[in-house]
Amino acid sequence: MQIAQVCGTVVSNLKSRNLTGVKLLLVQLVDAEGNLLPTYEVAGDTVGAGIHEWVLLTRGSAARKESGQENRPVDAMVVGIIDTVTVASGTLYSKKDEERMY
């Protein structure tokens, strides 16, 4: 799994039938210091994440392990919304602090 920040949504009216009902998010990967990387990815969302939230991102076949997702053509899936990330030097991210900013 990787940590990413949700930076937008993706809307596609014409898509594979297996993607019907799947919310698509544009996510940006986060490094170990909490910096946003220049890498973006579109990921399906099973947990209802919102813009600016930090999320757990899984890729490849693991993205299809969730019940009901086995036949979806996704390579990345948001599987969790992060509350806090703590490292040796302290708190890297706190959802509570982030919510105050927006």
Side-chain angles (χ1 to χ4, degrees):
M1 281 190 282
Q2 291 183 294
I3 294 175
Q5 182 181 42
V6 178
C7 56
T9 59
V10 177
V11 177
S12 174
N13 290 313
L14 297 174
K15 58 190 169 219
S16 167
R17 243 183 267 166
N18 289 340
L19 286 175
T20 300
V22 176
K23 181 180 174 185
L24 300 174
L25 298 176
L26 184 63
V27 298
Q28 189 172 6
L29 299 178
V30 176
D31 69 14
E33 287 80 42
N35 301 310
L36 295 172
L37 298 172
T39 307
Y40 292 87
E41 189 153 352
V42 175
D45 177 27
T46 62
V47 295
I51 294 181
H52 302 296
E53 287 187 301
W54 280 28
V55 295
L56 294 173
L57 181 71
T58 188
R59 293 174 161 174
S61 63
R64 294 180 293 278
K65 295 288 185 193
E66 183 78 24
S67 179
Q69 305 300 323
E70 301 88 356
N71 294 320
R72 300 207 191 262
V74 294
D75 191 46
M77 188 70 74
V78 172
V79 295
I81 299 171
I82 295 173
D83 293 310
T84 59
V85 176
T86 306
V87 294
S89 59
T91 302
L92 191 61
Y93 169 82
S94 169
K95 182 176 177 178
K96 192 184 302 184
D97 294 339
E98 196 69 21
E99 287 173 347
R100 287 188 209 131
M101 293 175 61
Y102 299 103

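The model shown is predicted, which means the values in this text are computed figures rather than measured ones. Quick note: numbers below take in every heavy atom, side chains included, and nothing from hydrogens, waters or symmetry partners.
Residues meeting the side chain to side chain contact (heavy atoms under 4.5 Å, CB included) test with Asp83, sequence neighbours left out: Lys95. Checked against side chain to side chain contact (heavy atoms under 4.5 Å, CB included), Leu36 has the following partners two or more places apart in sequence or in another chain: Gln5, Gln28, Val30. For Thr91, the side chain to side chain contact (heavy atoms under 4.5 Å, CB included) test picks out Thr86, Ser94, with sequence neighbours left out. Considering only residues two or more places apart in sequence or on other chains, Ile82 meets the side chain to side chain contact (heavy atoms under 4.5 Å, CB included) condition with Ile3, Trp54, Leu56, Val85, Tyr93. For Lys15, there are no salt bridge (charged side-chain N to carboxylate O under 4.0 Å, His left out) partners, not counting sequence neighbours.
A pairwise comparison of heavy atoms in Ala49 and Ile81 identifies CA-CD1, 3.8 Å as the closest pair. Here the shortest heavy-atom pairing between Leu57 and Ala43 reads CD1-CB, 3.5 Å. Taking each heavy atom of Val6 and Gly50 in turn, the nearest pair found is CB-O, 3.3 Å.
A donor-acceptor pair under 3.5 Å links the side-chain atoms of Thr46 to the main chain of Val78, judged by distance alone.
The list of ring pair (Phe, Tyr, Trp, His ring centres under 6.0 Å) pairs with a residue in residues 8-27, not counting sequence neighbours, is empty. Residue pairs meeting the salt bridge (Lys or Arg N to Asp or Glu O under 4.0 Å) criterion with at least one partner in residues 23-33, sequence neighbours excluded, are Lys23-Asp45.
How far CG of Leu29 is from CG of Asn35: 12.5 Å, rounded to the nearest 0.5 Å.
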